[in-house]
Amino acid sequence: MSEHLRLSGVSHGYGDRQLFADVELAITAGEHVAIVGENGAGKSTLLRILAGLETPDEGTAVRRGRVGYLAQTLGLPDAFTVSNAIDAALGSLRELEAELDRLEDGLADAEADDLERYGNLQTQYQLREGYAAESRVEAALDRLGLGGLDRMRTLGSLSGGEQERVALACVMADPADILLLDEPTNHLDASGTAWLEARLAAHRGTVVVVSHDRVLLRKVASTVIEVDAERRTVNRYGNGYEGYLHEKAAERQRWAQQYTGWLDAMAAERLQADTVAGKMGYARQRDNDKMGFDFKAGTWQKAASSKVRNAQERLRRLEENPIDRPPVPLKLATDLHADIAAGPALEARGVTVPGRLEPTDIRVEAGQKILITGPNGAGKSTLLSVLAGTLEPAQGTVVRHGRIGYLQQELELPQRPGLRLLPAFAAGLGGNIDEHAEALLRLGLFRTSEFHVPVGGLSAGQQRRLALARLLLGGYGTMLVDEPTNHLAPVLVEQLESALSDFAGTLVMVSHDRALGEWFDTCARDSGAGNRAGHGTGHGAGTGTGNWLRYAMRDGALA
């Protein structure tokens, strides 16, 4: 099959931070590809290089075919109208229309070359279904929740989400040979996401999508490309998202085998050196042939010394080229039972935040797992901040029992940006630094080489991992987590879900992640066999079974 996209020897970065090096990548015509990785790894940068909007520091990027590109931000002036934005997005189609109009005006006296050109352009226009482009824009806007949008509205009068949906409608109204989409499901509701998934799955051209939406990845991607921030590599995996997860698990197993082999090799060399050295000086029993004995003993001593030196040299080489200990799957601290008591872990009565949270009552029993969903701006994060105590309500009260850990959606900038990662992790946790280093390594969220990186220089994904590590190892009886899958690579998200499944304490989560919602519902079904139906109190009742309850939130109130 022909190639639509190729990167050859591509290296790129910003300042002294290299994102990836010596990338070789080919994407064939019609291939559907997902680009994954934690935030800050370089996914969007890689997409811009593929689109030709950014030039790599080294290497070349080649495109064969018309490209349609969707960025995370529209990038047009606020004074542009919706109509202007549509015209800009359909620019190449508009140019084709204009050229056809120009040639039509002179068809009566046209030369053979002009007639041939007109026929070719008309064929292109028909293949792109240019006559239906306007109706497709309207249909797309309608499916994306913007039906009837006034074309004379300025972009500045639209919300960021509305601007992104306008851009997506335009890209999908005239789908190019190569679609490059950066987080296209941001700001979409369930209906809009389902429409987009169907359109992408049916697209006969090439699709390359940067996304954290695991449901989209499962439905659309036949190939997964991972941007590995730690190794500064770009790796390709076949057989869709499930194949990617399977191969990542196999990689972990191979890593564990290599680490075990390295440990065994070092132990063998130490044993060899110690055993031979221990025998030195104990030659064969002296007999009457003193001269022969001295000669043979000297020869043996030289050979033994050589063996010891060789073993020590091999050991030195092994120590100079260590293999990092592979991480184990994420686990939470297990010393929670003393902090879990019967009764409510959290209870809020009549809490209100003007303009953000309507009067709300909610009672969370110890050991319950609660998921709060709802559209952006519904008040989910506000409610969680009030429960955590980082935001004081204008009215109402909150009663908290036990130690509470809180993972915010948007992390605050570090107060001491020069503080190294390991001391930042250990701050306030007690114990000694070696114990904390061991615990952090076991989580597998960081490598030893990253322990001395200043927290101010961490990427968004690394800062998220640091906050997550402090939460997981804090021994909290109650955890409040806001969009826990944000900024994390898919494999780590899968592990986090597994760890939370086994959490014995109380958990309140806010998330719009569809895959996490499906995982939560599965856990609710599995835990609910023979248990009472879930219930809530006050404004809004949780739905679910057993201790796993869902709450929906809209317009600042629990629905």
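Here the structure is a predicted model, which is why all the values come from computation and not from measurement.
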Going from [atom1] on [X] to [atom2] on [Y], what distance comes out if it is rounded to the nearest 0.5 angstrom?
X: Lys43; Y: Glu183; atom1: NZ; atom2: CD; value: 6.5 Å
X: Leu500; Y: Lys369; atom1: CG; atom2: NZ; value: 9.5 Å
X: Leu458; Y: Gln462; atom1: CG; atom2: CD; value: 5.0 Å
X: Leu7; Y: Phe20; atom1: CG; atom2: CZ; value: 8.0 Å
X: Ile35; Y: Leu50; atom1: CD1; atom2: CG; value: 5.5 Å
X: Leu387; Y: Ile404; atom1: CG; atom2: CD1; value: 8.0 Å

Write down the atom of [X], the atom of [Y], and the distance for their closest heavy-atom approach.
X: Leu216; Y: Pro184; result: CD2-CG, 4.5 Å
X: Ala41; Y: Leu19; result: O-CD2, 3.7 Å
X: Leu407; Y: Ala467; result: CD1-CB, 3.6 Å
X: Ala26; Y: Arg6; result: CB-NH2, 3.4 Å
X: Thr478; Y: His401; result: OG1-O, 4.3 Å
X: Val36; Y: Ser211; result: CG1-O, 4.1 Å

4.5 Å side-chain heavy-atom contact, [X] and [Y]:
X: His212; Y: Asn186; value: yes
X: Ile225; Y: Ile27; value: yes
X: Leu47; Y: Tyr69; value: yes
X: Leu384; Y: Tyr406; value: yes
X: Glu247; Y: Asn235; value: no
X: Tyr241; Y: Pro490; value: yes
X: Pro375; Y: Asp189; value: no
X: Pro77; Y: Leu155; value: no

When you check the gap from the basic side-chain N to the acidic O, do [X] and [Y] get nearer than 4.0 Å?
X: Arg464; Y: Glu38; result: no
X: Glu313; Y: Arg309; result: no
X: Glu494; Y: Arg252; result: no
X: Asp521; Y: Arg550; result: yes
X: Glu497; Y: Arg214; result: yes
X: Glu251; Y: Lys248; result: yes
X: Glu197; Y: Arg514; result: yes

Do Arg465 and Phe446 form a cation-pi contact, if we require the NZ or CZ to be under 6.0 Å from the six-membered ring centre and within 45 degrees of the ring's axis? yes
For atom [atom1] of [X], is the number of surrounding heavy atoms from other residues, nucleotides or ligands below 6.0 Å larger than 12?
X: Asn310; atom1: CG; result: yes
X: Arg554; atom1: CZ; result: no
X: Arg218; atom1: CZ; result: yes

Any donor-acceptor pair under 3.5 Å linking the side chain of [X] with the backbone of [Y]?
X: Ser11; Y: Asp22; answer: yes
X: Glu24; Y: Gly9; answer: yes
X: Trp548; Y: Phe520; answer: no
X: Thr506; Y: Gly367; answer: yes
X: Ser222; Y: His32; answer: yes
X: Arg236; Y: Thr223; answer: no
X: Arg470; Y: Ala427; answer: yes

With side chain to side chain contact (heavy atoms under 4.5 Å, CB included) as the criterion, how do Arg165 and Leu188 come out once you've worked through the C-alpha distance, each side chain's angles and the decisive distance to 0.1 Å? CA-CA 8 Å; Arg165 282 180 279 162; Leu188 298 187; 3.6 Å; yes
Would you call the rings of His12 and Tyr14 parallel, tilted or perpendicular if under 30° counts as parallel and over 60° as perpendicular? perpendicular
Option among Val209, Thr193, Val215 that satisfies the side chain to side chain contact (heavy atoms under 4.5 Å, CB included) test with Thr185: Thr193
Give the intermediate values and the outcome of side chain to side chain contact (heavy atoms under 4.5 Å, CB included) for residues Val491 and Tyr244. CA-CA 9 Å; Val491 171; Tyr244 161 72; 3.5 Å; yes
Side chain to side chain contact (heavy atoms under 4.5 Å, CB included) between Asn486 and Gln409, intermediate numbers included: CA-CA 8 Å; Asn486 276 9; Gln409 179 177 352; 3.8 Å; yes
Begin from the C-alpha positions of Val10 and Val234 and carry the test side chain to side chain contact (heavy atoms under 4.5 Å, CB included) through to its verdict. CA-CA 10 Å; Val10 166; Val234 174; over 6 Å; no
